[in-house]
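The next block holds one structure in the form of structure tokens; read it before the comments.
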Amino acid sequence: MPRLLLITRAITFLSVLVMLPADIGAQNPQPFKDWKNSSLSDSLIAAPRMACESVVSMTGYEFSILSATSVAASGPLPQFCRILGQILPEVRFELSLPASWNGRLYMFGNGGYAGEPLDAPGRAMIRHDALQRGFAVVQTNTGHDAALEPLGTFAADQQKLIDYAFRAVHVTAITAKRLAQTYYETPVRRSYFNGCSTGGRQGLMSAQRFPEDFDGVLVGAPVLDFASTQMSGIWNAKALASGPLGADHLKVIADIAYGKCDASDGVRDGVIDDPRSCTFAPATDLPRCSAEGASNTCFTNAQTGALEAIYRGPSGANGSIAPGWPVGAEVASPRGSDASGPASSGWAGWFVPSQPAAPSQQLAYGESFMRYMAFGKADPRYDWREFDFDSDPQRMGDIRRILDATDPDLSRFSSHGGKILMYFGWADPALNPLMGVQYYEQLTTTMGQASQDFFKLYMVPGMFHCGNGVATASFDAFTPLVEWVEKGTAPSAITAARVQDRKVVRTRPLCPYPQVARYRGTGSTDSAENFSCVDPDAR
């Protein structure tokens with residue numbers, strides 16, 4: 001390969017690192033929105049039995065305590081002991097122990113390829129939210145520093161790959177429980193995990209491999225079939241390379257698809273309730289360009305072909321590799337937890353590059369996976385265009401066994417008394433929501449009706465990756481999880497809100513899959529009380 005081309009690709013690769021947030025989709029931003037201590041079993045309140053600074057003496061062979069610092073109370077944030085440590089070989093962790101402890105451990109997950117700074121502002125905010133509720137709070141970087149080893153480059157080291165895949169969360173949870181028990185002279189009563197995207201995969205992996213680590217796991221948009229997800233990213237990039245799309249094209253697609261499918265659930269509200277019922281077909285529904293040339297308002301044969309390939313999904317000589325992408329994420333929506341940012345298509349960045357000559361986020365993650373994880377040996381020069389969908393998927397058995405969290409047998413977790421709530425946005429542009437539906441169906445097939453005793457799935461119409469979109473994407477699924485674990489109260493509908501400019505403009509029930517929210521026929525369609533959770537075939 002010519003040296004100039006290698007340099008150009010390296011510059012392009014580095015440019016995408018600047019575009020990708022270090023903590024993409026760590027979790028839904030409202031995990032404690034409905035939390036009320038008085039509604040839960042909070043009889044155990046423990047205080048420290050040793051000085052915070054003395055925790056450094058707990059350094060041993062398995063882990064080292066780098067520092068233990070007492071942080072003074074400030075506003076709603078209580079006084080707490082902030083412990084920084086490292087588990088062999090390079091798993092960094094942070095454990096924060098409040099002065100008044102409710103007996104629970106709260107661990108939150110990572111985003112993307114992890115390696116985030118433990119003191120990143122977004123992660124500090126999550127820590128503080130949990131501390132204010134009396135939780136001991138723990139997190140890990142999974143064993144590498146993304147600033148030094150960006151994307152999947154760390155996986156050239158087999159131990160770092162294993163730590164990222166499953167070990168780091170496990171050993172961090174064990175270490176946190178040990179430290180908390182010594183600090184309070186009281187064992188952890190309940191332990192919880194909350195994560196979205198990579199964090200969702202971490203939560204499922206923990207339930208599958210280490211069923212006693214957590215009593216409750218909140219799983220958001222999990223990249224549970226990691227290998228197939230990255231292959232989908234390569235497939236989509238190949239399709240769009242032959243028929244590139246611009247922002248104006250995405251608006252046309254969204255306008256036509258939503259115009260055709262929005263009202264299929266009985267309410268025209270700017271949301272496609274279930275994209276599987278949408279009959280949108282690019283080749284027949286989109287305006288076609290004349291022979292004179294392309295424009296921003298019509299589609300060439302190459303562009304409609306690219307879209308058909310994306311909605312059909314990747315396949316090869318051995319059949320389908322992953323489900324086709326559901327329609328719906330092409331729509332533009334304001335960004336930010338209160339939807340106050342500029343409007344942008346869900347496909348912008350993920351499918352269609354945000355900068356000229358830069359890869360999409362799907363491609364950046366996918367090519368890094370192929371270079372450093374997929375085939376058992378790192379090849380930094382690997383070109384994503386070389387991927388063979390007929391033969392290469394069969395070469396991924398080893399990485400699937402390490403990284404995928406697809407095991408549908410959760411009998412050990414269920415026997416332990418564990419509970420799982422999973423949610424997925426139907427308009428997720430980063431991870432295919434059908435991945436979550438397929439896992440749910442495989443779980444119920446494997447475990448039968450017993451799966452309903454410990455596992456619930458909530459599909460969120462119109463929600464992008466872990467939040468935002470045109471959905472009622474502000475909701476607290478964590479409090480119902482705790483109620484289920486500690487009081488045996490199985491969750492039913494979860495009330496979600498759409499927030500714009502810090503104001504609630506719509507509420508809707510999120511229903512346990514396969515149920516869907518149906519309008520009762522009277523009252524405002526922006527009020528959850530006017531909807532019921534029913535079977536999808538009910539009219």
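What's counted below: heavy atoms across the whole structure, side chains too, no hydrogens, waters or symmetry copies.
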Exercise for review: Can you label the angle between the Phe226 ring and the Tyr164 ring as parallel, tilted or perpendicular, going by 30° and 60°?
Suggested key: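 Rings of Phe226 and Tyr164: perpendicular, over 60°.
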Review point. Mind checking whether Phe32 and Phe478 have parallel, tilted or perpendicular rings, split at 30° and 60°?
Key: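 Answer is perpendicular, since the angle exceeds 60°.
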So [Y] and [X], do their side chains get closer than 4.5 Å, heavy atoms only?
X	Y	answer
Asp398	Phe375	no
Thr444	Tyr440	yes
Asn141	Arg123	no
Phe475	Thr495	no

Any donor-acceptor pair under 3.5 Å linking the side-chain atoms of [Y] with those of [X]?
X	Y	result
Ser277	Asp274	no
Arg498	Thr472	no
Asp409	Ser411	yes
His170	Ser206	no
Arg400	Ser228	yes
Asn194	Tyr106	yes

Check your understanding: Does Glu486 pair with Arg104 as a salt bridge, N-O distance under 4.0 Å?
Key ->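 Result for this pair is yes, salt bridge flagged.
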Point to revise | Under 3.5 Å: donor-acceptor pair, side chain of Gln208, backbone of Ala405 | key: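 Present.
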Exercise for review: Determine yes or no for a side-chain-to-main-chain donor-acceptor pair under 3.5 angstrom, with His144 supplying the side chain and Tyr113 the backbone.
Suggested key: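 Present.
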Point to revise | Test side-chain contact (heavy atoms from CB on, under 4.5 Å) applied to Arg178 - qualifying residues, sequence neighbours left out | key: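 Scan of Arg178 (side-chain contact (heavy atoms from CB on, under 4.5 Å), adjacent residues dropped) gives Glu62, Phe63.
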Practice item. Verify ring-ring contact (aromatic ring centres under 6.0 Å, His included) between Tyr519 and Phe531, making sure each step is shown before the conclusion. Key: CA-CA 4 Å; Tyr519 179 52; Phe531 287 77; 5.5 Å; yes
Point to revise | disulfide bond (SG atoms under 2.5 Å apart) contacts touching residues 79-124 (sequence neighbours left out) | key: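 Matches after skipping sequence neighbours: Cys52-Cys81.
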Exercise for review: Please test Leu421 against Val219 for side-chain contact (heavy atoms from CB on, under 4.5 Å), starting from the C-alpha separation and ending with a verdict.
Suggested key: CA-CA 6 Å; Leu421 291 187; Val219 176; over 6 Å; no
**Study point:** Sole candidate of Leu95, Leu118, Asn110, Val169 that passes side chain to side chain contact (heavy atoms under 4.5 Å, CB included) when paired with Gln139
**Key:**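 Only match with Gln139 under side chain to side chain contact (heavy atoms under 4.5 Å, CB included): Leu118.
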